[in-house]
Amino acid sequence: MSEEAVMTGETVSAPQQQGAPKGLLQQMEELMAALNADLSQLDSDLKESSGGAPLPAAGEG
């Protein structure tokens with residue numbers, strides 16, 4: 001594959017245009033933020049269901 005073929009994909013300047021697709025990095029950051037929020041909610045739910053007692057860490061017990 002030539003450099004020209006690679007360069008025809010999404011370019012660095014694309015996010016500056018209105019209505020341009022989000023950059024891959026921005027998409028990954030948004031997905032990670034959503035995942036962290038989901039994991040925090042799950043952690044909270046698990047703590048509530050276990051009476052607030054901390055769960056043993058992996059490898060303990």
Side-chain angles (χ1 to χ4, degrees):
M1 184 181 297
S2 68
E3 287 185 28
E4 290 82 13
V6 173
M7 296 300 288
T8 58
E10 185 176 329
T11 63
V12 176
S13 61
Q16 295 174 353
Q17 301 170 357
Q18 289 206 350
K22 295 178 185 175
L24 182 59
L25 181 58
Q26 184 177 355
Q27 289 177 352
M28 291 298 295
E29 288 174 347
E30 290 175 2
L31 288 170
M32 289 300 295
L35 177 61
N36 284 335
D38 289 345
L39 290 174
S40 295
Q41 183 63 48
L42 177 60
D43 184 46
S44 175
D45 292 346
L46 287 172
K47 286 179 181 177
E48 285 179 14
S49 68
S50 66
L55 298 174
E60 290 184 15

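The model shown is predicted, which means the values in this text are computed figures rather than measured ones. In this chain, residues are counted from 1 in sequence order.
- When the salt bridge (charged side-chain N to carboxylate O under 4.0 Å, His left out) test is applied to E29, no partner is found at least two apart in sequence or on another chain.
- Going from atom CG of N36 over to atom CG of L31 covers 11.0 Å, rounded to the nearest 0.5 Å.
- Between the NZ atom of K47 and the CG atom of D43 there is a distance of 4.0 Å, given to the nearest 0.5 Å.
- With sequence neighbours excluded, no residue satisfies side-chain hydrogen bond (donor to acceptor under 3.5 Å, both in side chains) with Q27.
- A distance-only check finds a donor-acceptor pair linking the side chain of S50 to the backbone of L46 [under 3.5 Å].
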